[in-house]
Asks: 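Right, I'll just put the structure down here and ask away after.
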Amino acid sequence: MLNVTAIETFYGPSQALFGVDLSVQPGEMVALMGRNGMGKTTTIRSIFGLTPARSGSITFESHDLRRLPSYRIAQAGLGLVPEGRRCFPNLSVRENLLVTARPGLWSLERVEALFPRLAERRTQMARTLSGGEQQMLAIGRALMTNPRLLVLDEATEGLAPVIRQEIWAAIRELKAQGQSTLIVDKSLTELLPVADRCTILEKGRTVWTGEPDALDDALRDRYLGV
Ligand code: ATP
């Protein structure tokens, strides 16, 4: 459903991506991996037109995403949970969820079933939530748009262990429900078991794509080691 081919992306004069290839098939959970600064977030920003690619192609179903502004990319069926949470601080949890709602499988009830904490806090202002709860709300808001492809960038980073576990449980539930997802996360222990496929970036290039079982120690040391 998503096909990214040979994209090159720049920040001003400085080139960040030198040829990224990536694909997501319907129902797949694809992990985008690589050490810090290798281009994962820039790839996501390019897909959503936030830092547009200068060359290469990005297609989603029948859409040529490089020709669309960001709001049309969201309308085409992509949902982004960006690094760092973005909710409306002075709206309640429930209002935050309802403002992004578009008709489809996901409803307030289903999001609240996925994240019971959001149900418990539905009338609280978003600004009173903990960081982890705000992250759950950010994921819930993305789901309320009923995206055919969900994109999660570091959704569990910097959160308390108990909250991280709740978010991973939700991600496993999304996988069980067949939600197509592109996911960036530093926790390989949690990420590899849910990934159908992994794509590794090194210095702005795709250097490996394969199933998690094929990701041996040599590859880990070479591309993912700290
Ligand atoms: P991390 O895990 O640290 O988020 P990443 O794999 O997502 O890393 P990117 O954030 O995509 O990597 O960064 C790729 C390259 O682009 C890096 O060399 C980084 O320094 C550079 N870069 C990122 N954002 C900007 C920016 N706003 N302006 C200039 N260069 C940037």
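As the structure lists them, so they are numbered: ligands from 1, and atoms in each ligand from 1. Numbers here simply count residues along the sequence, with the first being 1. Only heavy atoms go into these numbers, but all of them, side chains included; no hydrogens, no water, no symmetry mates.
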Asks: Under 4.0 Å from a heavy atom of E154: give me the atoms of ligand 1 that qualify, with their elements.
Replies: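 Checking each atom against E154, I get 2 (O).
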Asks: Taking side chain as C-beta onward, heavy atoms only, is L114 less than 4.5 Å from L174?
Replies: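 Touching, per the 4.5 Å side-chain cut-off.
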Asks: Can you name the atoms of ligand 1, numbered from 1 with element, that are less than 4.0 Å from a heavy atom of M38?
Replies: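 So the answer, numbered in order with elements, is 5 (P), 6 (O), 12 (O).
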Asks: I'd like to check which ligand 1 atoms, numbered from 1 as shown, lie under 4.0 Å from a non-hydrogen atom of R35.
Replies: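 Going through ligand 1 atom by atom, the ones under 4.0 Å from R35 are 6 (O).
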Asks: List every atom of ligand 1 that sits less than 4.0 Å from any heavy atom of E83, numbering the atoms from 1 in the order shown and giving each element.
Replies: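 Once the distances to E83 are compared, the set is 4 (O).
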Asks: I need the nearest protein heavy-atom contact for atom 13 (O) of ligand 1: residue, atom name and distance, please.
Replies: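 Closest protein heavy atom to atom 13 (O) of ligand 1: T42 OG1, 3.7 Å.
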Asks: List the closest protein heavy-atom neighbour of atom 12 (O) of ligand 1: residue, atom name, distance to the nearest 0.1 Å.
Replies: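 For this ligand atom, the closest protein heavy atom is G39 N, 3.1 Å.
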Asks: If you define the side chain from C-beta out and look only at heavy atoms, does anything of R172 sit under 4.5 Å from P193?
Replies: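 They are not in contact (no side-chain heavy atoms under 4.5 Å apart), so the answer is no.
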Asks: Do any nitrogen or oxygen atoms of A16 lie less than 3.5 angstrom from nitrogen or oxygen atoms of ligand 1?
Replies: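 So ligand 1 has no N or O lying under 3.5 Å from an N or O of A16.
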Asks: Can you confirm whether the side chains of S46 and T9 place a donor and an acceptor under 3.5 Å from each other?
Replies: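 Their side chains do contain a donor-acceptor pair, which is all the 3.5 Å distance test asks for.
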Asks: Here's a test for you: under side-chain contact (heavy atoms from CB on, under 4.5 Å), which of M136, Q135, R121 qualifies with L129?
Replies: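 So the option named by the test is R121.
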Asks: Relative to the heavy atoms of N36, which atoms of ligand 1 are at a distance of less than 4.0 Å?
Replies: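 The atoms of ligand 1 under 4.0 Å from a heavy atom of N36 are 2 (O), 3 (O), 8 (O).
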Asks: Should W208 and L215 count as side-chain neighbours, where that means a heavy-atom distance under 4.5 Å?
Replies: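 The answer is yes; the side chains approach within 4.5 Å.
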Asks: What protein heavy atom sits nearest atom 18 (O) of ligand 1, and how far away is it?
Replies: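 Protein heavy atom with the smallest distance to atom 18 (O) of ligand 1: G37 O, 3.7 Å.
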Asks: Are any of the N or O atoms of T41 closer than 3.5 Å to those of ligand 1?
Replies: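 Min N/O separation from ligand 1 is below 3.5 Å for T41.
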Asks: For F88, is the CZ atom crowded, meaning more than 12 foreign heavy atoms sit under 6.0 Å from it?
Replies: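 No, not enclosed.
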Asks: Which heavy atom of N96 sits nearest to which heavy atom of R141, and what is that distance?
Replies: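 Heavy-atom minimum between the residues: O-NH1, 2.9 Å.
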Asks: Does atom 20 (O) of ligand 1 have a protein heavy-atom neighbour under 4.0 Å away?
Replies: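 For atom 20 (O) of ligand 1 the answer is no, since every protein heavy atom stays at 4.0 Å or beyond.
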Asks: Can you report which non-hydrogen protein atom sits closest to atom 29 (C) of ligand 1, along with the distance?
Replies: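 For atom 29 (C) of ligand 1, the nearest protein heavy atom is Y11 CB, 3.4 Å.
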Asks: Which pairs pass side chain to side chain donor-acceptor pair (under 3.5 Å) with one or both residues in residues 149-164, sequence neighbours excluded?
Replies: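 Passing the test, one end in residues 149-164: T41-D153, E154-K186, T156-D185, E157-K186.
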Asks: Check whether more than 12 heavy atoms from other residues, nucleotides or ligands sit under 6.0 Å from atom CD of E211, and answer yes or no.
Replies: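 No, the 6.0 Å shell around CD holds no more than 12 heavy atoms from other groups.
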Asks: Looking only at heavy atoms, is any part of K186 under 4.0 Å from ligand 1, and if so is it the side chain, the backbone, or both, or is it neither?
Replies: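 Only the side chain of K186 comes within reach of ligand 1.
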Asks: Is there a side-chain contact between M29 and I171 (heavy atoms, below 4.5 Å)?
Replies: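 SC-SC contact between M29 and I171 confirmed.
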Asks: State whether any protein heavy atom lies less than 4.0 Å from atom 23 (C) of ligand 1.
Replies: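 So far as the 4.0 Å threshold goes, atom 23 (C) of ligand 1 is in reach of a protein heavy atom.
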Asks: Considering only protein heavy atoms, which is closest to atom 2 (O) of ligand 1, and at what distance to one decimal place?
Replies: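 Sorting protein heavy atoms by distance from atom 2 (O) of ligand 1 puts K40 NZ, 3.2 Å first.
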